[in-house]
Number of protein chains: 2
Amino acid sequence: MTKPYNINDFKNPLFTVDSVLFTVKEGRLQVLMVRRANEPFIHQWGLPGGFVDVDIDQSTDETALRKLKEKTSVAPQYLEQLQAFSSAYRDPRGFSVTLVYYALVAEQEVSCHIDTVDDAKWVDLEELDDLAVAFDHRFIIEQAQHRLQQKALYSMVPVYCLPELFTIAQLKSVIEVIIGKEIQRKSLIRRIDASEMFEALDEKVKSGGRLAQVYKVKPDVDIAHFERNLSM
Amino acid sequence: MTKPYNINDFKNPLFTVDSVLFTVKEGRLQVLMVRRANEPFIHQWGLPGGFVDVDIDQSTDETALRKLKEKTSVAPQYLEQLQAFSSAYRDPRGFSVTLVYYALVAEQEVSCHIDTVDDAKWVDLEELDDLAVAFDHRFIIEQAQHRLQQKALYSMVPVYCLPELFTIAQLKSVIEVIIGKEIQRKSLIRRIDASEMFEALDEKVKSGGRLAQVYKVKPDVDIAHFERNLSM
DNA sequence: CAAATTTGTGTCTTTATGACACTTTCCTGT
DNA sequence: ACAGGAAAGTGTCATAAAGACACAAATTTG
């Protein structure tokens with residue numbers, strides 16, 4: 001296989017795809033971490049990801065999805081590119097680039113599978129400091145969290161941390177966990193109405209109090225975005 | 001050179017870095033395009049960019065800057081990652097990934113240099129359809145334009161299309177060119193005050209009318225962001 | 001059946017932008 | 001020199017969406 005166009009091919013940078021998979025579990029924001037089976041940073045914890053398989057993947061999106069499915073057995077409800085991180089020193093093997101995605105799932109969708117394996121687990125973002133984290137993945141997770149927080153202020157993205165059917169209180173809760181601050185229930189209701197991306201179904205009981213309306217995301221709708229941020 | 005960790009190294013994807021360099025010239029948004037000297041798409045027009053040189057570049061940011069300097073002789077005033085574009089088919093040589101940056105410069109900074117070379121030129125975005133464009137660069141430029149438009153609605157980023165000293169009218173004009181719509185002068189003034197990122201200097205004459213206040217960006221300030229979008 | 005609790009509604013306040021009139025300053029032409 | 005035009009800059013009211021909060025409705029628990 002000749003490569004006539006690129007004389008530098010022999011020193012191409014290392015290129016990987018990693019994902020920061022978030023969920024909200026027990027009222028806290030969690031990230032999926034996997035134990036590394038290979039050098040470098042063997043036995044430390046890192047983000048799920050790896051090399052593109054050019055025979056299987058049609059794009060890096062598919063690489064990210066494939067790697068996430070390997071670890072969780074399901075596709076995340078939301079997946080979007082965060083950004084690439086690169087440096088000559090972040091990997092001891094040399095110049096490396098990792099294209100990072102961030103993703104959301106409902107905890108119920110994956111935890112039953114996660115609990116059966118011991119090379120993958122949910123890590124509470126508050127407890128990440130206690131973990132031996134590979135590469136610059138701690139920094140990457142911070143960046144992903146920041147982006148997710150921003151998105152939560154002007155879009156309905158956090159709904160993808162919830163199961164198919166959910167209540168306003170549940171949506172309010174995941175938003176609050178993501179942005180780390182209480183929001184006005186009334187403001188959320190106004191946005192739910194204005195977004196037109198949800199469908200009201202029938203009731204469901206919740207702790208004390210009146211029955212709560214159950215919603216689902218309408219099929220094939222776009223994620224609603226708003227002109228204004230919620231205040232922080 | 002052994003690569004014990006990565007058995008797929010021999011079919012690593014092609015990895016390049018490209019930039020969409022914008023400026024506002026003659027009241028229109030323009031992009032820097034360069035004539036390709038190599039296959040594939042030789043002699044067609046594409047984005048400035050190329051392969052990482054791992055002996056020179058410390059990161060992909062530096063790759064983007066290096067390639068832009070080669071074509072314009074100066075560093076852009078603003079540079080930020082857009083996103084990676086990848087597919088098995090976007091390059092005839094096989095699976096390829098291009099990490100795309102978008103950048104802004106004042107037209108005055110570079111046009112004198114651009115005009116001396118014939119393998120690089122400013123292309124009016126409205127006239128891009130008439131050009132033979134390599135790869136998926138036309139699509140990429142559209143994405144970059146969209147991102148720039150969004151940024152212009154909630155940040156002061158467009159100021160980096162202007163020279164060091166500028167007036168409110170000039171800033172208003174570049175914003176309007178970028179978003180393709182008139183904005184309220186008053187709203188812009190309010191944002192200039194609130195941002196605290198500018199310094200007022202002394203006067204300067206403009207077409208008819210009263211002398212306009214000249215501003216410059218304070219040294220080392222962060223780009224101001226606003227909680228609310230300008231309306232579209 | 002009363003108290004507690006959560007859902008859902010009504011409405012007033014707050015804040016930044018949109019719209020637009022009005023004043024100020026400077027240039028130009030006669 | 002002066003009138004008129006033109007752009008710069010200010011003042012202010014309207015608008016829109018979020019914040020704050022009271023209150024009513026529905027359901028569970030003791």
Side-chain angles (χ1 to χ4, degrees), chain A residues 27 149-156 158 162 165-176 179-216 224-232, chain B residues 27 149-156 158 162 165-176 179-216 224-232:
Chain A
Q149 283 173 345
Q150 289 304 115
K151 282 257 171 182
L153 295 177
Y154 65 80
S155 83
M156 281 295 184
L162 292 172
L165 305 181
F166 58 90
T167 65
I168 292 179
Q170 288 176 305
L171 181 53
K172 177 166 180 281
S173 173
V174 294
I175 293 172
E176 290 174 339
I179 69 178
K181 185 181 167 297
E182 294 220 326
I183 62 168
Q184 292 282 330
R185 179 186 181 84
K186 183 72 180 183
S187 298
L188 177 59
I189 291 173
R190 280 191 285 236
R191 287 187 160 199
I192 288 174
D193 290 346
S195 73
E196 295 188 318
M197 68 180 285
F198 305 108
E199 214 173 301
L201 304 178
D202 309 329
E203 273 104 300
K204 179 184 238 172
V205 69
K206 244 349 215 192
S207 44
R210 181 170 163 177
L211 299 183
Q213 179 65 254
V214 174
Y215 291 87
K216 62 179 260 193
H225 287 243
F226 305 94
E227 305 288 290
R228 197 188 290 202
N229 281 4
L230 298 176
S231 66
M232 296 255 351
Chain B
Q149 283 173 346
Q150 288 305 114
K151 282 257 171 182
L153 295 176
Y154 65 80
S155 83
M156 281 295 183
L162 292 173
L165 304 181
F166 58 90
T167 65
I168 291 179
Q170 289 176 306
L171 181 53
K172 175 164 180 281
S173 173
V174 295
I175 293 172
E176 289 174 342
I179 69 178
K181 183 181 168 295
E182 295 220 328
I183 63 168
Q184 292 284 328
R185 177 184 181 84
K186 182 73 179 179
S187 298
L188 176 58
I189 291 173
R190 282 191 286 236
R191 285 186 162 201
I192 288 174
D193 290 345
S195 72
E196 296 188 316
M197 68 180 285
F198 304 110
E199 215 174 299
L201 306 177
D202 309 330
E203 274 105 299
K204 178 181 239 171
V205 68
K206 231 12 211 181
S207 44
R210 180 171 164 175
L211 298 183
Q213 179 64 253
V214 174
Y215 292 87
K216 61 178 262 193
H225 287 243
F226 305 94
E227 306 288 289
R228 198 186 290 203
N229 281 6
L230 296 177
S231 67
M232 295 253 357

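As the structure is a computational prediction, the values presented were derived from the model and not from experiment. Below, all heavy atoms of this structure are taken into account, side chains as well, without hydrogens, waters or symmetry copies. Numbers restart at 1 for each chain; the letters A, B, ... are given by sequence-line order, proteins then strands.
Candidate nucleotides D:dC21, D:dG11, C:dT15 were compared by shortest atom distance to the side chain of B:Arg228, and C:dT15 ranks first. Relative to the side chain of B:Ile189, the nucleotides C:dA19, D:dT10, C:dT17 differ in distance, and D:dT10 lies closest. The side chain of A:Ser187 has D:dG19 as its nearest neighbour among C:dC26, D:dG19, D:dT27. Side-chain atoms of B:Ser231 lie closest to C:dG18 of the nucleotides D:dA20, C:dC26, C:dG18. Residue B:Phe226 has its side chain nearest to C:dT17 when only D:dG9, C:dT17, C:dA19 are considered.
Residues B:Met156 and B:Leu188 form a side-chain contact, since some pair of their non-hydrogen atoms from C-beta on lies under 4.5 Å apart. For the pair A:Lys151/A:His225, a side-chain contact is recorded, criterion being any heavy-atom separation below 4.5 Å from C-beta on. Annotation: side chain of B:Asn229 is in contact with side chain of B:Gln150 (closest heavy-atom distance under 4.5 Å).
Between B:Gln184 and the phosphate of C:dA19, there is a side-chain N or O to OP1/OP2 separation shorter than 4.0 Å.
At a threshold of 4.0 angstrom between heavy atoms, the contacts of A:Ala194 with the nucleic acid are absent. Among the heavy atoms of the strands, none lies under 4.0 Å from A:Thr167. Among the heavy atoms of the strands, none lies under 4.0 Å from A:Ile183. Nucleic acid contact class of A:Arg191 (heavy atoms, under 4.0 Å, all strands): sugar-phosphate only. Residue B:Gln213 is in sugar-phosphate contact alone, with no base atom involved, counting any heavy-atom pair closer than 4.0 Å across all strands shown.
For C:dG8, the base has no donor-acceptor partner in the side chain of A:Lys186 [N/O atoms by modelled type, under 3.5 angstrom]. Between the base of C:dG18 and the side chain of B:Arg185 there is no donor-acceptor pair shorter than 3.5 Å.
Ring orientation note: the planes of B:Phe166 and B:Phe198 are nearly perpendicular, at an angle over 60° on the 30°/60° scale.
B:Lys172 places its NZ atom 14 Å from the C1' atom of D:dA6, with the value rounded to the nearest Å.
Pairing each heavy atom of B:Glu227 with each of A:Leu230, the nearest pair is OE1-O, 4.1 Å.
Each of A:Ala212 and B:Arg210 was matched to the nucleotide of DNA chain C holding its nearest heavy atom; the match closer to the 5' end belongs to A:Ala212.
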